[in-house]
Amino acid sequence: MVRFAHLADCHLGAFSRKPLLREYNMLAFEKAMEICAERKVDFIIIAGDLFHNPMPDMDIVNRAVKALMEVKDRGIPVYSVYGSHDYNLARASLVDVLESAEVFKNVVNYLESENSLTTVKDPSGISISGLGGRKNRLEVGYYQQMDIEVPVEGGIFVFHSPIAEMKPVDIPERNVLPMSLLPEGFDYYAGGHIHRRLIGKKGDSPVVYPGATFGSSYADLEREDERGFYIVEDLELEYVPLDVCEFTRISVSGDGRTSSELEEVLFKKAAETRVGGVILLRVHGTLLEGSPENIDFKRIIREFEGDGDATVFLNNNSLESVTQEKVRVDEEAEDEVEKKVLDEYGTPEGVSKRFPEDLLRILKSDKMDGETGTDYENRIWNQAYQLMKDMKEHVPVEGDKVKQPRQITLGDYGGGDA
Ligand SMILES: [Mn+2]
């Protein structure tokens, strides 16, 4: 009897601007490690994105290492692969440091193993192989070239990629991995990257995404799914939920209300809502008068959060004012939509049509593999600044000067991708 735990997408350190959410996320992981110890699993697999970024804050590192060492000291090995968030091509990531310190074993590094998979043998006798994720799904190329010997003894294959046949339709992703590219012959495919719990099949073997242990975005938290991980005993799957806090979902419509009426409704709602945990506040609809900018959401959030045992996640993206001009767009491709919108709105007198296009192109450029959040933001800012400087006579200036480039530090980066 072999019993192992399969977790993925812990994203420790996520929600850096929301201390309470960051704490819940960490608590979920600590709880998972405690359960693994209590249940005396033979080993633990973490299928990528253990951390939200390659170099998390030291307090996060400290607690993660403590939790990992507790299971390790009980003789439970931990195997991991890189995720798309905690891998860094240019420099060592924390995952590398923890591997060097033997806190856990990073299962496979494809680049070093030259087109073939290496296998780790757990003391229980189970073989574990794996291939981590890369930014922008670069790992798909590795799967295409990889030479894989079918393991005689079966074993576990750990991966961190979206499988085409299993990917939920609402996750846009260009480079998905067809199931056929997963190497054949394993008994269990331990997936990560998709933050939802999904089970598929390759031949007779389960292909499993346990989902995120807590989540790392508004969309993750808004889903009413359970969060947790799997304990697998002789290929029988048992889902272990991780409940660390209450979730309260509040939806308020602006339909038929003015901005000040809606603001009043929200303050009243905040005054009568006395819950701890996560409050997911969705404000939507079309205002009769006034605009969303007239509403003091910051104060409303503070009002909801009260003494600090609740944390509010606000989504007011679909709140509109009736006077807001709407551009109807039927095109589907992103660049066609942009072109249509720019054509319809036009640019202000004296501003070249190319200005918004160029600015959009700069703002859309992806973070490069190995680029830190700070470097990325500074690069984008400096390019945008240069463009604005070139168009100085057409853009708002302070006095006679264009605002200078600034140094920015960014906590959460990596955006909304899983
Ligand atoms: Mn993830």
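Start at 1 and go down the list; that is how both ligands and their atoms are numbered. Since the structure is predicted, the reported quantities are computational estimates derived from the model, not experimental observations.
Counting only distance, with no hydrogens or angles, the side chain of Asn62 and the backbone of Met58 share no donor-acceptor pair below 3.5 Å.
Note on Asp9: its N/O/S atom closest to the Mn ion (ligand 1) is OD1. Shortest distance from the Mn ion (ligand 1) to Asp49 is reached at OD2 (N/O/S atoms only).
Under 2.8 Å from the Mn ion (ligand 1) lies an N/O/S atom of His11, whether from backbone or side chain. Not a single N, O or S atom of His85, from either the backbone or the side chain, sits less than 2.8 Å from the Mn ion (ligand 1).
A salt bridge does not link Glu222 to Arg249: none of the charged side-chain nitrogens sits closer than 4.0 Å to a carboxylate oxygen.
For the pair Arg197 and Tyr239, the cation-pi criterion (under 6.0 Å, within 45° of the ring axis) is fulfilled.
Aromatic ring pairs are classed by plane angle as parallel below 30°, tilted from 30° to 60° and perpendicular above 60°; the pair Phe4 and Phe43 is parallel.
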